[in-house]
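Quick notes on the structure that follows.
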Amino acid sequence: MKNDQYFPLEVNMVNDDRVAKVIEKYGIAGYGTYVALLIELRKHNRYKCEKVSLQMLSRLFQIDGEMLEYIIEDSGLFWKRELVRSTQYSSPYLTRVMKRLEEYRKKQAFGGLKRVENVMRNGKGQFTSDAGTVKKSKEEQSTEEQSIITTSSSVADPEISSRRRVSDEKIMPGNSLPTPSVSTPWEEYVHEAFTDESWVRATATKSGMDQYFFSHRPKMIEAFVTHIESQGSGMRINTLQAAKSYMSNFFNEGTVTQQRTLKELQAAEEKQQNSSIHRFETLDPVTGERSYYGVRIPPHAPPRPNDHAIWNDELQLWHK
């Protein structure tokens with residue numbers, strides 16, 4: 001099998017709350033669609049592509065359009081980045097497992113070169129090798145294989161992964177994540193940081209913008225990425241910890257960058273609310289229940305037409 005024909009699939013992926021929600025909402029079809037989207041991203045350079053490539057799966061596999069849209073846009077399983085002429089989509093999960101796989105391959109390739117260097121000819125011109133070196137290389141290979149197997153079957157749930165990292169530190173001091181490839185863009189560290197829910201909660205509390213961290217997370221990332229690009233300081237983010245530290249300072253309450261980000265988010269939210277067909281209603285972010293001034297609106301009711309309309313249960317219409 002060629003190297004570009006697969007990616008590690010963690011067996012406990014369903015422990016991720018976001019994946020579990022997709023399964024609860026759409027069943028096995030939702031889970032299968034998520035995996036199909038990961039496979040599609042795997043085929044593209046740097047595991048990123050435009051939305052149209054993902055939407056083609058709807059026709060190819062006869063996937064429900066509403067379900068596909070929810071998984072891509074609203075499940076939190078994919079990140080999107082607005083570019084000048086297009087919008088790119090990526091998966092923090094796929095980026096993470098492929099980064100580890102690529103590191104493993106590089107170590108294996110390096111080990112192969114070292115073994116070649118130890119090959120020599122005997123007096124008869126025949127190839128031979130140092131037995132100790134070969135034995136050592138096999139032991140190293142076995143260790144590396146065990147490492148990648150353990151990594152690929154790790155639990156996807158952020159909280160459990162966090163506890164696993166603490167345990168790993170007893171074996172491997174420092175950051176338990178593998179050293180990133182020099183070809184890995186700093187944006188991936190930013191995306192990976194936002195998959196650590198414990199870090200997100202702590203940073204959200206310190207920022208004073210809790211609601212935006214959870215309701216507008218892609219916009220939070222976009223604000224930070226835009227800042228780094230304008231400052232040209234991406235080289236400072238060469239580890240996951242560096243990304244977390246930089247973002248913690250960026251979003252810290254009271255800083256110039258936090259205040260600017262807050263104003264941008266408030267303006268974007270206000271613009272969205274003013275253009276929404278439900279702008280005269282209150283929407284519960286958890287249950288999705290609609291209401292106005294504490295009065296519940298039936299799910300089948302059309303959008304409230306203005307700020308003075310009253311719902312008539314008997315006639316099943318709005319009194320304007």
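Keep in mind that this is a model prediction, so the values were computed, not measured.
Minimum interatomic distance between V200 and A193 (heavy atoms only, all atoms of both residues): CG2-O, 4.1 Å. For the pair H44 and S53, the tightest heavy-atom approach, listed with the atom from each and the gap, is CE1-OG, 3.8 Å. Contact record, P8 with L101: CD-CD2, 3.9 Å, taken as the closest heavy-atom pair. Minimum heavy-atom separation, E314 to N312: N-OD1, 2.9 Å. The shortest non-hydrogen separation linking S58 to L68 is CB-CD2, 3.8 Å. The two residues A204 and D210 have their closest heavy-atom pair at O-OD1, 3.2 Å.
More than 12 heavy atoms of other residues, nucleotides or ligands shown are found within 6.0 angstrom of CG on L317.
Put simply, the side chain of L262 does not reach to within 4.5 Å of the side chain of S207, judged on heavy atoms. Taking 4.5 Å as the limit, some side-chain heavy atom of R46 sits within range of a side-chain heavy atom of E187. Annotation: side chain of L94 is not in contact with side chain of F78 (no heavy-atom distance under 4.5 Å). The side-chain heavy atoms of H191 and T95, taken from C-beta on, include no pair separated by under 4.5 Å. A heavy-atom distance below 4.5 Å is found between the side chains of L265 and M220. In this structure, the side chains of W311 and I297 stay at 4.5 Å or more apart for every pair of heavy atoms. Considering only heavy atoms from C-beta on, Q316 comes within 4.5 Å of H300 through its side chain. The side-chain heavy atoms of P303 and E281, taken from C-beta on, include a pair separated by under 4.5 Å.
Remark: E10 engages R96 in a salt bridge, criterion side-chain N to carboxylate O under 4.0 Å. Between K48 and E188, at least one side-chain N (NZ, or NE/NH1/NH2) sits under 4.0 Å from a carboxylate O, which counts as a salt bridge.
Judged as a salt bridge (Lys or Arg N to Asp or Glu O under 4.0 Å), the pairs with a partner in residues 49-62 (not counting sequence neighbours) are, in order, K51-E69, K51-E73.
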Verdict with supporting geometry, T226 and E264, side-chain contact (heavy atoms from CB on, under 4.5 Å):
CA-CA 12 Å; T226 300; E264 292 174 355; over 6 Å; no
Please step through side-chain contact (heavy atoms from CB on, under 4.5 Å) for the pair T33 and L37, ending with a clear verdict.
CA-CA 6 Å; T33 299; L37 290 168; 4.3 Å; yes
Please lay out, stage by stage, how T257 and N249 fare under the test side-chain contact (heavy atoms from CB on, under 4.5 Å).
CA-CA 9 Å; T257 50; N249 293 330; over 6 Å; no
Yes or no on side-chain contact (heavy atoms from CB on, under 4.5 Å) for F250 and T203, after CA distance, side-chain angles and deciding distance?
CA-CA 10 Å; F250 179 86; T203 305; over 6 Å; no
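Taking OG from S291 and CZ from R296, the interatomic distance works out to 10.0 Å, rounded to the nearest 0.5 Å. Going from atom CG of D17 over to atom CD of E24 covers 10.5 Å, rounded to the nearest 0.5 Å. Atom CD in E253 sits 10.5 Å away from atom OG1 in T205 (nearest 0.5 Å). Of the inter-residue distances, the one linking E40 atom CD with L57 atom CG reads 5.0 Å to the nearest 0.5 angstrom. Atom OH in Y293 sits 3.5 Å away from atom CG in D307 (nearest 0.5 Å). Separating the CZ atom in R304 from the CH2 atom in W318 is a distance of 5.5 Å, to the nearest 0.5 Å.
Side-chain atoms of N12 do not come within 3.5 Å of backbone N or O of N15 as any donor-acceptor pair. In this structure a side-chain-to-backbone donor-acceptor pair under 3.5 Å is missing from N252 to T255. When atom types are taken as modelled, the side chain of S245 and the backbone of A242 share no donor-acceptor pair closer than 3.5 angstrom.
Remark: R236 is positioned above the aromatic ring of Y246, its terminal NZ or CZ atom under 6.0 angstrom from the ring centre and at most 45 degrees off the axis.
N45 pairs by the side-chain hydrogen bond (donor to acceptor under 3.5 Å, both in side chains) definition with nothing, not counting sequence neighbours. By the side-chain hydrogen bond (donor to acceptor under 3.5 Å, both in side chains) test, S91 is found to be paired with no residue, residues two or more places apart in sequence or in another chain being considered.
Transitive grouping of hydrophobic side chains (ILVMFWY, heavy atoms separated by less than 4.5 Å) keeps I71 and M56 in distinct clusters. By the rule that hydrophobic residues join a cluster once side-chain heavy atoms approach within less than 4.5 Å of another member, I39 and L54 end up as members of one cluster. Under a hydrophobic clustering in which Ile, Leu, Val, Met, Phe, Trp and Tyr are joined whenever their side-chain heavy atoms come within less than 4.5 Å, directly or via other members, M67 and V52 fall into different clusters. Under the 4.5 Å side-chain heavy-atom criterion for grouping Ile, Leu, Val, Met, Phe, Trp and Tyr, F224 is not connected to V256 through any hydrophobic cluster. I28 and L77 fall within a single hydrophobic cluster, where Ile, Leu, Val, Met, Phe, Trp and Tyr are joined by side-chain heavy atoms under 4.5 Å apart, directly or via other members.
Checked against the 6.0 Å centroid threshold, Y47 and F7 do not count as a close aromatic pair.
Note on ring orientation: taking the six-membered ring where Trp is involved, the planes of Y34 and Y93 are tilted (angle from 30° to 60°). Aromatic ring pairs are classed by plane angle as parallel below 30°, tilted from 30° to 60° and perpendicular above 60°; the pair W199 and F194 is perpendicular.
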